[in-house]
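Let me begin by presenting the structure, written as structure tokens, before commenting on it.
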Amino acid sequence: MDSILLIALGLMLVIEGVLPFVAPRLWRDTFRRATELADGQLRFVGLTSMLIGIALIALFK
């Protein structure tokens with residue numbers, strides 16, 4: 001179980017690192033816009049991301 005968690009963490013880091021590596025200016029602009037969102041909007045984005053992740057895990061498990 002620990003190895004699966006570490007693999008998942010590693011995959012997440014790789015995916016998160018693709019955009020800053022490939023298009024740093026776009027990543028910076030996107031991050032800047034995200035910091036200007038209201039708390040409720042950020043929570044909605046986080047909730048949506050978690051629900052999509054849970055759905056993908058359930059679908060491919």
Side-chain angles (χ1 to χ4, degrees):
M1 183 67 178
D2 290 338
S3 64
I4 293 173
L5 184 59
L6 290 174
I7 290 170
L9 178 62
L11 181 59
M12 182 204 66
L13 291 172
V14 168
I15 292 170
E16 288 285 328
V18 168
L19 190 58
F21 179 75
V22 173
R25 185 172 298 161
L26 175 64
W27 180 84
R28 191 178 298 115
D29 291 342
T30 303
F31 191 75
R32 187 176 302 121
R33 280 190 237 140
T35 61
E36 295 171 357
L37 293 174
D39 287 351
Q41 292 172 312
L42 283 174
R43 284 190 176 104
F44 179 76
V45 170
L47 176 63
T48 303
S49 177
M50 289 188 300
L51 291 176
I52 290 171
I54 290 169
L56 287 172
I57 291 168
L59 183 65
F60 291 106
K61 183 174 180 188

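All values derive from a computational prediction rather than experimental measurement.
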What pairs of residues pass the salt bridge (charged side-chain N to carboxylate O under 4.0 Å, His left out) test when at least one of them lies in residues 11-30, not counting sequence neighbours? Asp29-Arg32

Considering residues at least two apart in sequence or located in another chain, which fulfil the side-chain contact (heavy atoms from CB on, under 4.5 Å) criterion with Ala23? Leu19, Leu26

Does anything in residues 35-61 pair up under salt bridge (charged side-chain N to carboxylate O under 4.0 Å, His left out), and if so which pairs, sequence neighbours excluded? none

With sequence neighbours left out, what residues match Leu47 under side-chain contact (heavy atoms from CB on, under 4.5 Å)? Met50, Leu51

Mind checking who shares a hydrophobic cluster with Ile15, ILVMFWY linked at side-chain heavy-atom distances under 4.5 Å? Leu11

Remaining members of the apolar cluster that contains Leu59, side-chain heavy atoms under 4.5 Å: Ile52, Leu56, Phe60

For Leu42, the hydrophobic cluster (side chain heavy atoms closer than 4.5 Å, chained through members) also holds Leu37

Residues at least two apart in sequence or cross-chain that pass side-chain contact (heavy atoms from CB on, under 4.5 Å) with Ile57, listed by chain then number, are none

Got a sec, which pairs hit ring pair (Phe, Tyr, Trp, His ring centres under 6.0 Å) with one end in residues 15-59, sequence neighbours left out? Trp27-Phe31

